[in-house]
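Indexing begins at 1, ligand by ligand and atom by atom, following the structure's order. Nothing here was measured: the structure is a model prediction, and the numbers come from that model.
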Amino acid sequence: MLFDLTAKEPQSEMIQMKTPLVEIDGDEMTRVMWGMIKEKLLLPYIDLKTEYYDLALEHRNETEDQITIDAAEAIKKHGVGVKCATITPNAARVKEYNLKQQWKSPNGTIRAILDGTIFRKPIMVRNIKPAVRNWKKPIILGRHAYGDVYENVEYRVKEPGKAEILFTYNNGEEVRHTIHEFSKPGIVQSIHNLDASISCFAEACFAYALDQRVDLWFSTKDTISKTYDTNFRAIFEQVYEEKYKDKFENAGITYFYTLIDDAAARIIRSEGGMLWALKNYDGDVMSDMLASAYGSLAMMTSVLVSPHGYFEFESAHGTVQKHYQKYLRGEPTSTNPVALIFAWSGALRKRGELDGTPELVIFADKLEAAVIMTIEEGIMTGDLAKLAEPPAKRVVYTEEFINEVAERLALSH
Ligand code: NAP
Ligand code: MG
């Protein structure tokens with residue numbers, strides 16, 4: 001128990017903040033929930049100081065996406081941001097919103113400016129059991145977000161011929177390697193990565209493991225990829241030896257490298273409780289596997305951590321468009337606000353830690369405890385009701401769920 005429900009002190013003063021949070025508003029159903037969370041869970045207790053950036057798609061379009069860049073720069077200035085889910089426009093959205101162009105993914109833009117790594121962690125409650133029985137603690141996943149197959153160059157070989165890697169130095173010197181002599185049709189692909197980006201990824205992982213006091217696992221296939229993956233492994237080892245070895249030992253945590261197939265087998269047999277750092281593609285696949293094995297994307301926290309000490313908290317899920325269409329028709333929806341509430345609590349806690357304002361940290365703990373208590377008492381949104389064991393006592397709409405959390409939060413003040 002994180003707080004004492006029997007302590008009936010008079011309503012205390014509003015919690016003050018020293019530094020503003022960068023508040024990045026978004027789209028559709030998550031924007032609707034954002035407003036409810038602020039009104040019912042935060043504003044009654046905190047003299048909320050935020051610097052507000054409206055990333056609603058209409059506003060990104062009006063500002064030619066400058067607002068997204070401004071929001072990322074603001075996080076660099078203040079250190080901590082909290083972000084609502086945003087639409088990444090596709091062709092259908094360009095038409096729907098009459099956009100000047102198909103603006104880039106805001107998450108991609110912000111990530112590129114902050115140079116970050118994304119960490120995802122399941123929110124565990126007693127009545128939603130992980131699909132893997134022995135997982136008792138959350139497995140946090142850290143995914144490198146640059147290069148590899150996401151920026152590949154591919155070629156379809158139709159006729160016999162020779163595929164080569166050709167690297168031309170700026171001084172004109174050339175290095176060639178034969179990939180394959182094709183006697184029949186086939187395919188070729190090339191990928192790349194950068195030492196600087198891998199170092200940033202390693203830094204972010206070591207810093208996050210230290211912050212969360214958990215072991216760090218890193219895995220690649222360096223026995224097969226003797227240059228590419230070995231480079232990742234070597235950079236991780238260098239960063240560890242030079243900057244984190246002592247800190248890890250003092251914190252009682254370990255850095256563990258193993259082959260990805262060995263790691264996959266060990267993770268399934270483990271009880272969880274580690275940070276698992278993975279290259280871009282491995283992280284993409286494994287994060288979806290972990291999210292569904294732990295229950296739901298709405299029960300997942302997501303934070304972008306930069307090696308320069310900036311943090312951006314968000315939900316792992318999108319704008320829940322289908323629920324928003326119902327909402328627009330005036331129908332209540334049972335959309336799960338937990339990931340968004342935890343984005344706020346995570347950001348407020350980090351702000352409190354950085355500013356030396358323990359009241360903010362305590363508030364974040366109480367808010368999260370109130371959410372978990374609500375679900376564990378059997379009151380939950382429809383997505384969780386499908387998984388709950390024992391079955392839910394009451395399946396509620398979003399606003400009712402937030403009201404129930406607000407009642408429990410009020411009891412803790
Ligand atoms: P989504 O918003 O994550 O929703 C996909 C489905 O997952 C929903 O239809 C819903 O299933 C379920 N779901 C997700 N979050 C839920 C919640 N909080 N409570 C209950 N159910 C939830 O993904 P999408 O529909 O593919 O994308 C919608 C928009 O979000 C897109 O425009 C995309 O660009 C954007 N997006 C943004 C982010 C981000 O900003 N971080 C991330 C991903 C996608 P049911 O319909 O079965 O109830
Ligand atoms: Mg994926």
Which of parallel (below 30°), tilted (30 to 60°) and perpendicular (above 60°) describes Phe201 and Phe236? perpendicular
Which atom pair, heavy atoms only, marks the closest approach of Pro89 to Leu57?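 Of all heavy-atom pairs spanning Pro89 and Leu57, the closest is CG-CD1, 4.1 Å.
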Going through the distances and angles, do Arg351 and Asp355 end up as a salt bridge (charged side-chain N to carboxylate O under 4.0 Å, His left out)? CA-CA 6 Å; Arg351 194 66 274 164; Asp355 288 352; 2.9 Å; yes
Which residue pairs pass the ring-ring contact (aromatic ring centres under 6.0 Å, His included) test when at least one of the two sits in residues 270-292, sequence neighbours left out? none
Give the protein residues with at least one non-hydrogen atom closer than 4.0 Å to an atom of ligand 1, ordered by chain and number.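 Close residues (ligand 1, cut-off 4.0 Å): Lys83, Ala85, Thr86, Ile87, Thr88, Arg93, Asn107, Ala298, Ser315, His317, Gly318, Thr319, Val320, Lys322, His323, Thr335, Asn336, Asp383.
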Sorted by chain and residue number, the salt bridge (Lys or Arg N to Asp or Glu O under 4.0 Å) partners of Lys221 (sequence neighbours excluded) come out as Asp261
Show every side-chain hydrogen bond (donor to acceptor under 3.5 Å, both in side chains) that has at least one partner inside residues 194-209, sequence neighbours left out.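 Only His144-Ser197, Asp195-Asn231, Glu203-Lys243, Glu203-Tyr244 qualify under side-chain hydrogen bond (donor to acceptor under 3.5 Å, both in side chains).
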